[in-house]
Amino acid sequence: MKPVFHLLPRTLPVFAAMALSGCLTAGPNPDDPYEDFNRQMFAFNDGVDRAIVKPVAQGYRAVTNEPIREGVGNFSSNLGEPLTAVNHVLQGKLPDAGATVSRFLINSTIGLAGIFDPASSIGIQRTKEDFGQTLGSWGVDSGPYLVMPLIGPTNPRDLTGMGGDLALNPLNYPEFENDDAIRAGTAVLWGVDAREGALEATGELDQQIDPYTTVRRLYGRTRAADIGIPYEEPNDASDLTDDELDF
Amino acid sequence: MRLFSIIAAAVALTIAAPSAFADKRAEAFVQSNANSALSALNDRTITAEQREAKFGQYMNQFANMQSIARRVLGVKARSLSDAEFNRYYKIFETYALEVYQVHFDQFRGEAIRVTGSKDDGPQRSTVESVIKSSQTGKDTKVFWDVLLSNDGKTYRVRDVGIELGGSILWLAQEQQAQFVSFLDRNNGDIDKLIGRINVLLADMEARKKDGRGSAFKG
């Protein structure tokens, strides 16, 4: 039985389409047409984070030391390598795909199931690609900015990419005893580890005038950099006015 | 004879156009003033309050803070009375300096090295520099949007951009996006913005006291 991992690739795009066509109403801001909905989801996610996710991440930090967390991070990242390799191939980056497969093989064996990262020590650095990036590299437009419950900042392209990643990840297909429970456990571990690593960054977020706008711009900028396309945010302060030169 | 006339005209044009010389002067301006501001953050011979005051003094010489304060308000700046602007500016300056301190804190103990510049117009250039992050140990590119005054005598920084994950984070542009968004959602009420800034300043102060803040603790 595959209750989660086999259903998600099909349900995520459907959920995205439903949300966009029926549940959401476009607002007046052309840069963020679903801003009202997004802000509600942002507040909801923030509440869940403060009540559950952040305390768990803080507890995880309290009961582990740096080497253990590094090992967990390496282990989680290693499980993402096959998916990165598939996306490298889809983007035509065959040398990168080869390097990523090498990393996976070296770290899964010599690195004890990925807990250690000997591949980096010999100069094969980690890269990360997902299907949202692949779609972006194919020229697919991101569509409007969205904040989805529990998922967080995204857009239709990246939301579709998440479904694609679940379908494309070779590690989601082997069947063995308790496979779904093990995959779910691994996903939770990855999430807790990632949240622990972002504790300081989200602390800085609390110091912003409008954290929602900060996250929206940060997400757009980071994804554009990941894909290798320019990030354009309208209404920025780059245009010079005459009175600025009068000093 | 005609050749000499052309050369003379070219030389005259070069001297007359400020942009031809603006880059090197702008580079020197950034090199000197950025390091002065950074060294103020590192001066352990004075108290935290004195460091903060010294840093603020350098930043006011280095950047046109009043102009930045107006710019980050977007179109709302035009409709403010002088009294409203002054009330807002008083708190904005404190907040902006705190934000700069937090960002510059990652370069504590390091010096800026200017690596080049490009003209963006007769009175505007972007100066590129490199500084080692004391947190990661890696070189980070820092960009300076520099303006030359109408009289051609004074330089001021308009914005600071820090390379972050393959793109540049321009601090004033980020502030503008947030300020404008906040005002849009609060009917343009400048007092609500002032209130929000005050809340953040109180939080920053608390962070400094319990050791989570910037270089100014202790």
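Just so it is clear: chains get the letters A, B, ... in the order the sequence lines come, proteins before strands, and each one is counted from 1. The figures here come from the full heavy-atom set of this structure, side chains too, leaving out hydrogens, waters and symmetry mates. Computed from a predicted structure; not experimentally measured.
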- Item | Interface moiety of B:Thr154 toward chain A, non-hydrogen atoms closer than 4.5 Å | both

- Exam field: side chain A:Asp165 to backbone A:Phe131, donor-acceptor pair closer than 3.5 Å: yes

- Query: Hey, which of A:Thr214, A:Leu218, A:Asp206, A:Asp210 has the most heavy atom pairs under 4.5 Å with chain B?
  - Reply: A:Asp210

- Task: Could you tell me whether the side chain of B:Asn187 and the main chain of B:Asp189 form a donor-acceptor pair under 3.5 Å?
- Result: no

- Cation-pi check, B:Arg25 onto B:Tyr155 ring (under 6.0 Å, within 45° of axis): no

- Output the option from B:Leu201, B:Leu200, B:Leu193 having the highest count of non-hydrogen pairs under 4.5 Å with chain A. B:Leu200

- Task: Could you tell me how the ring of A:Tyr212 sits relative to the ring of A:Tyr145: parallel (under 30°), tilted (30 to 60°) or perpendicular (over 60°)?
- Result: perpendicular

- Just how far is it from atom CG of A:Asn74 to atom CG of A:Asp117, taken to the nearest 0.5 Å? 5.0 Å

- Contact part of B:Asn150 toward chain A, heavy-atom cut-off under 4.5 Å: side chain, backbone, both or neither? both

- Using non-hydrogen atoms only, which part of B:Arg185 is less than 4.5 Å away from chain A: side chain, backbone, both, or neither? side chain

